[in-house]
Each structure stands twice: as structure tokens, then as C-alpha cells.
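Start at 1 and go down the list; that is how both ligands and their atoms are numbered. All figures in this text were calculated on a predicted structure; none of them were measured in a lab. Heads up: numbering here begins at 1 and tracks the sequence.
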Amino acid sequence: MDDRDRRKGFYIQTFGCQMNEQDSLRMADRLSREGYSHVADLRRARLVLVNTCSIREKAQQKAYSFLGRLETLKRRRPDTIVACVGCVAQQEGPRLRERFPFVDLVVGPSHVGGIAELLEEFGRTRTPRVEVSQETGAGSLDCEGVSRQGSVTAYVTIMEGCNNFCSYCVVPYVRGRERSRPYESIRREVGNLVRRGVKEVCLLGQNVNSYRCSETPQRDFPGLLEGLGSVEGLQRVRFTTSHPKDLSQSLIDCYGKLDVLCEHIHLPLQSGSDRVLSAMNRGYTLEHYLKKVDDLRKAVPEIGLSTDIIVGFPGEDERDFESTLEALEVIEFDTVFSFAYSARPGTRAALLEERISENEKRERLRYLQECEARIAARKNARMIGTCAEVLVEGTSRDGRHLMGRTRTNKIVNFEGPAGLLGRLCSVEIVKACKNSLLGRLAAGQA
Ligand code: 5AD
Ligand code: SF4
């Protein structure tokens, strides 16, 4: 690649959640349409975008260590443009340039839709810019539809931001207040994706069941799901994340009613102790949560359930931690994403005194993960001998099997012809592994 080719080569490094992955895809799509092309080698990039996450301290540190490494690159090639995007950019604003003076653009998450304009302006003025004003409109969410090349599944952002202010969480500060995207725009994007071969969409938002757009107020979240049910060619819909306090009966009823809706829900519990839940400002008790799980299982007995748990929240004592372990034992989640608490700037919990050492947090996390692995293995073993509908998404990590997911969101690997990619197959479960199932294509499927 000579210098002329390098002129519009871009490299994106993404940290954090699915929302960020989605923002990176959107930026890549926009830049490609502006004549930029993606390069796999960082050293060959003229533009480096670092899409950051600040949900936990570790995620932020990872972004900082990557940014730190760019200093040498920038010294060697001063014309390389470095843009720091995302939640750390939003949180730190101008402070980010004090720490990393070589960063040219600091861009908050609600401005990713305008990245091409910001770059164009920088190209003209060569003046560093910090764009972290918080937008309230939903225009920045608009998208024609982006997915990875040949992808069978895609994410679609339907709302952004959060009004819940859980005491440990930085999201309401960095992603701003809730705003939802108009129904028509979501439907159009889903239609575009399906035309491109996507079979399954996952609707994304910090709190999807608060979805309500002022332009289409009659479409609440169940109404949106119902509307998407009639998109021709769309086989499956999922969504994430739901807040337990907003999980309505009408959403639960959708599971029995809408064929397109997959039987899975991600419902973050965070803690099994009412004392801790209250200090976290979660707005429910364990009893309330258990009732929701009961209602869900009444509607769909086999529903897949996943959750998030934080250990070591300030003030969490041994009894609180025990309550969380008991809750995991009783509920039997299929998947648990567990995290050690870290204080985030500006949050209410950051003002609380932390008495739990990092060592103790790590120990609790390790113990919880061990317990959960046992519970999930027990649950997966019960699936052996059953048959499940699997949407084939690609090949397994070792490349020897096809890989797909059940409607309940279990990963299943099985042998089969490559022509099954993108197809729904019936697969018999023959073995339960740690994080996936091994299957056998049911007769007459190949
Ligand atoms: N410390 C640890 N985990 C956190 N999460 C959010 N904020 C924090 C924090 N300060 C976890 C929650 C949330 C998930 C996305 O990240 O479990 O559901
Ligand atoms: Fe954060 Fe709570 Fe909002 Fe989830 S619901 S994004 S944990 S404040």
C-alpha cells in the first residue's frame, strides 16, 4: 500500500457492549460510503477510531492502554488521525486530550452518526474537536441497516439511553436520557436487513421495554414486536436488555402469541439481596423478580433466561452474597454474566465507602462463577435427547462443525453441510458442554 492508498484507510478498535459494536458497524458503513476503506493492519491506517466503553473500570482501562499505544504510531506518522469515540469520550470530554494530547477528535456516542462530517471538518481545519454535547432527539439512532457481510443475524438499535439511574451505573450519564426510534424507521431497517439475507434480528436498547416513540405513541414495545412479526422473510426476533421492574404482562403475553419471538429473555437481577437491590436503586425486590420469572415460565415453561450479577457492591456482606447464590440456585439461569463491582465517576454508589477488598471481590466472583457453571451444566444435561430448532449462523470455533442457536439462545454445534447456513434445522442434542451443546442433525434435514 503506498501513501495514496493509505489516505483513506481506517481501522476501528471496539471495546465494550453490543451497542458499541453496533455503533462501530454504523461508522464503518458510513465511512465506506465516503470513500474510506477498512484496513486490517493498524499501522497502515490513516484514521484510527477507538470506540470506548466506561461501564466498568476494566473496560475503561483497556481503552486507555490501547490509546496509549497509539502515541508511538502518531509520532511516527503525524498525519494519522486518531478519534476517540464512545462512552469514555463522553465521560472524560476535554480531559481525554489532556491525558492523550495526540487525540484529534473526542466524540460522544450520540454523535457517531455524524462521524463523517466531523472528519471532513477536521480535514479542512486541522483543529482538534471535542463533541460531547448530549442530544435528546432520536435522529442519531436512524440507520438504514448494517450487518456484517453475509451475516444471518443482526442487531437493530430501537432505543438509547436510560432513565433508571441504578446507583452503580454510568449509562444514564454517558448515554443520556431514554429516546426511542420511530416505528417506521425500525421496520424499514429490519426489512432492508432481511432483503440482505438476515434471518434473525436482536432489538437493542438499554431498557427495551421502555420503548415508546413520541412520533408513534400507540406502538409500545409489545406493539413494535407485533408489527415486526409481519415482516416477510424474518424468522426470529430477540431483544436485549429488559429491566425487571418494567417487564409487563403484555410483553410476557407476546411469547405465547408471536411466532417470530424467540423464547429467551435477558433479565438482569444484579443481586439476590433486597438490602443490596435497594442500595442499587433497582426498584424491585427478589420476591418481585421471582414472580416475574414465574409469570414468564407459566407463559413459556422452557423459556431461556440469562442475567447479569454484580458482586462486591459497597456494603454487600457475606449474607447478601449468600442470598445471591441462593437466588441463582432457585432460578436456574441458563447464562449468568457476572462482574466485580467497580466505582464509576459521577454515580451515587461512587460516594459510598468501599470496604470490600479487590481480592475479596475477585474471590466472590470466582466462587459465584463456579456455582453457576454447576447449575448451567445440570440444566444443559436435561436437554440431552431432546430436539431443538436451530438457526445455522456459521461454523464452530474449531471450524469442524456448523454453529447455530436454539430459540432459547443455546449455542449448538453439529456436523452438517455448509449449505445449511442461514437455514432452520431440527437438531437432536447429544451432549452438554461447558458453554454450548453438541447436536446431531435430525433425519431428513440435509
Ligand atoms: N460495576 C460492575 N458491574 C457493572 N455493571 C454496570 N455498572 C457496573 C459497575 N459499576 C454491570 C451490570 C449491568 C452490566 C451491563 O454491567 O450488571 O447489567
Ligand atoms: Fe444502567 Fe440500570 Fe440503566 Fe441498566 S437500567 S443501563 S444498569 S442505569
Side-chain angles (χ1 to χ4, degrees), residues 15-22 52-62 86-88 90-91 109-110 134 155 157-180 202 204-211 221 239-247 265-273 276-284 288-289 292 305-316 320-321 324 327-328 333 335-352 354 356 358 360-362 364-366 368-369 372:
F15 296 94
C17 62
Q18 206 49 59
M19 202 68 122
N20 271 16
E21 292 286 347
Q22 199 54 19
T52 60
C53 172
S54 72
I55 190 105
R56 288 172 293 277
E57 200 182 340
K58 226 184 190 168
Q60 183 166 340
Q61 274 164 2
K62 276 189 197 160
C87 294
V88 175
Q90 184 68 44
Q91 180 185 290
S110 58
Q134 294 248 11
Y155 287 90
T157 306
I158 62 158
M159 59 87 63
E160 209 189 347
C162 185
N163 297 347
N164 287 321
F165 289 91
C166 299
S167 63
Y168 52 81
C169 186
V170 78
V171 167
Y173 305 93
V174 289
R175 290 265 178 184
R177 292 300 83 72
E178 284 173 6
R179 51 211 182 271
S180 296
C202 181
L204 266 189
Q206 260 87 27
N207 188 11
V208 285
N209 33 23
S210 297
Y211 171 83
F221 187 58
F239 57 84
T240 194
T241 293
S242 315
H243 195 299
K245 78 174 166 49
D246 302 321
L247 177 59
I265 189 163
H266 182 66
L267 201 61
L269 170 64
Q270 309 298 3
S271 168
S273 151
V276 174
L277 285 172
S278 164
M280 286 177 164
N281 192 32
R282 288 292 287 172
Y284 56 85
H288 284 130
Y289 187 95
K292 298 278 183 190
L305 261 181
S306 54
T307 203
D308 293 342
I309 297 284
I310 298 177
V311 301
F313 184 82
E316 178 190 78
D320 298 315
F321 181 57
T324 301
L328 298 191
F333 291 103
T335 311
V336 174
F337 300 93
S338 48
F339 312 100
Y341 170 80
S342 57
R344 305 315 296 132
T347 59
R348 283 214 336 260
L351 303 172
L352 300 171
E354 276 204 66
I356 309 165
E358 289 306 312
E360 178 61 28
K361 280 190 222 170
R362 256 199 311 275
R364 285 185 194 176
L365 190 62
R366 193 191 54 79
L368 182 141
Q369 287 171 349
E372 178 45 32

Task: Proximity to ligand 2 by part of Pro268, non-hydrogen separation under 4.0 Å - done: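 Neither part.
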
Task: Tyr168 and ligand 2 - part of the residue with a heavy-atom distance under 4.0 Å - done: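 Side chain only; the backbone of Tyr168 stays clear of ligand 2.
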
How far is [atom] from the closest protein heavy atom, and which atom is that?
| atom | result |
| --- | --- |
| atom 9 (C) of ligand 1 | Ser342 O, 3.6 Å |
| atom 5 (S) of ligand 2 | Asn164 ND2, 3.3 Å |
| atom 7 (N) of ligand 1 | Tyr168 CD1, 3.3 Å |
| atom 17 (O) of ligand 1 | Gln270 OE1, 2.7 Å |
| atom 8 (S) of ligand 2 | Cys166 N, 3.4 Å |
| atom 1 (Fe) of ligand 2 | Cys169 SG, 2.3 Å |

Open item on the list: Quick one, Arg364 with Glu360, criterion salt bridge (Lys or Arg N to Asp or Glu O under 4.0 Å). Give me CA distance, side-chain angles, the key distance, then yes/no.
Closed with: CA-CA 6 Å; Arg364 285 185 194 176; Glu360 178 61 28; 2.9 Å; yes

TODO: Can you sort out which atoms of ligand 1 are near Arg344, meaning under 4.0 Å from one of its heavy atoms?
DONE: 10 (N)

TODO: Step through the shown structure and confirm whether more than 12 heavy atoms of other residues, nucleotides or ligands are within 6.0 Å of NZ on Lys245.
DONE: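 Above 12, so yes.
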
Task: 4.5 Å side-chain heavy-atom contact, Ser210 and Asn163 - done: no

Open item on the list: Can you see whether Gln60 engages Arg344 through a side-chain donor-acceptor pair at a distance of less than 3.5 angstrom?
Closed with: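 Checked: Gln60/Arg344 side chains pair up, N/O donor to acceptor below 3.5 Å.
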
Open item on the list: Under a 3.5 Å cutoff, is there a donor and acceptor pairing between the side chains of Thr157 and Gln22?
Closed with: no

Task: Metal check, atom 3 (Fe) of ligand 2 vs Cys162 N/O/S, cut-off below 2.8 Å - done: yes

Task: Ring-ring centroid check Phe221 Phe239, cutoff 6.0 Å - done: yes

Task: 4.0 Å heavy-atom contact, Arg175 with ligand 2 - done: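 Judged by the 4.0 Å heavy-atom criterion, Arg175 does not count as contacting ligand 2.
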
- [ ] Report yes if Arg56 has an N/O atom closer than 3.5 Å to an N/O atom of ligand 1; otherwise report no.
- [x]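 Looking only at distances, the answer is yes, because the N/O contact criterion of under 3.5 Å is met.
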
TODO: Taking only heavy atoms of His243 into account, list the atoms of ligand 2 that are under 4.0 Å away from them.
DONE: 5 (S)

Task: Per-atom contacts, ligand 2 versus Pro172 - under 4.0 Å to a heavy atom - done: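 Ligand 2 atoms under the 4.0 Å threshold to Pro172: 8 (S).
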
- [ ] Determine whether the side chain, the backbone, both or neither of Ile55 has a heavy atom under 4.0 Å from any heavy atom of ligand 1.
- [x] both

- [ ] Give the contacting part of Ala349 toward ligand 1: side chain, backbone, both or neither, where contact means a heavy-atom distance below 4.0 Å.
- [x]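 The answer is neither.
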
TODO: Using the six-membered ring wherever Trp is involved, compare the ring planes of Tyr173 and Phe165 and label them parallel, tilted or perpendicular (cut-offs 30° and 60°).
DONE: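 Taking Phe165 first and then Tyr173, their aromatic rings stand perpendicular (interplane angle over 60°).
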
Open item on the list: Does the residue Ala343 have a heavy-atom contact with ligand 1, meaning some pair of atoms that are separated by less than 4.0 Å?
Closed with: no

